[in-house]
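In this text the structure is predicted, and so the values were computed from the model without any measurement. For ligands, and for the atoms within them, numbers begin at 1 and follow the listed sequence.
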Amino acid sequence: MSTSKQKIAVFPGSFDPITKGHEAIVKRALPLFDKVIIAIGNNTEKNKYFTLEQRKLYLEKTFAHLPKTEIAVFEGLTVNFCQSVGANFILRGLRSVSDFEFEKNIAQINRSLNEEIETVFLLTDPEYIAFTSTIVRDIHKYGGNVKLLVPDAIEGYF
Ligand code: ADP
């Protein structure tokens, strides 16, 4: 039996709410890791549109059928959370050059905080490039239909 360390990735985000773009990144990451923990970073300074309970429920419903996934909520630094759950990878999705500029700074800082944790980026599927949580919130706020943008498993909640 192999004693090599399990490959665990944390996919951190606000998920306010989860979109089909996030869902696709997790599904594509699953063959690469033993486990993917989708983790809501609960930064109390940031105002959120959906409550923590709603955002967590949407993640649970979306990934309920995928045994290699887990849902979590954390406070504080992502690298500290990774350490607490034995994760050696941070998963992030990249949609654009502006995402890249932002993400590369965070990844470099995270690496300086803990060099044992690698950030792994997956490029967004072209059809999901415009799927942002911000757009979902705006459409929802003004009574529009967000069903096309959120995972099928949770479309009934909106
Ligand atoms: P944050 O508040 O940390 O930006 P988000 O919930 O908005 O959290 O996003 C979490 C991660 O998902 C980020 O890596 C982001 O780039 C990625 N992401 C967001 N939308 C999409 C999408 N449509 N396709 C792929 N990745 C995405």
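- Enclosure of atom NZ in Lys7 is not indicated, since only 12 or fewer non-hydrogen atoms of other residues, nucleotides or ligands lie within 6.0 angstrom.
- For the atom pair CG (Leu32) and CG (Leu122), the distance works out to 6.5 Å, reported to the nearest 0.5 Å.
- Applying the side-chain hydrogen bond (donor to acceptor under 3.5 Å, both in side chains) test to Tyr49 and every residue at least two apart in sequence or in another chain returns His140.
- The CG atom of Leu149 lies 7.5 Å from the NZ atom of Lys20; values are rounded to the nearest 0.5 Å.
- In this structure, ligand 1 sits under 4.0 Å from heavy atoms belonging to Phe11, Pro12, Gly13, Ser14, Phe15, Gly21, His22, Ile25, Arg92, Gly93, Arg95, Asp99, Glu103, Thr124, Tyr128, Phe131.
- Listed by first and then second residue, the side-chain hydrogen bond (donor to acceptor under 3.5 Å, both in side chains) pairs that reach into residues 83-92 are Arg92-Glu103, sequence neighbours excluded.
- Every pair passing side-chain hydrogen bond (donor to acceptor under 3.5 Å, both in side chains) that includes a residue from residues 127-136 is listed here, sequence neighbours excluded: Thr134-Arg137.
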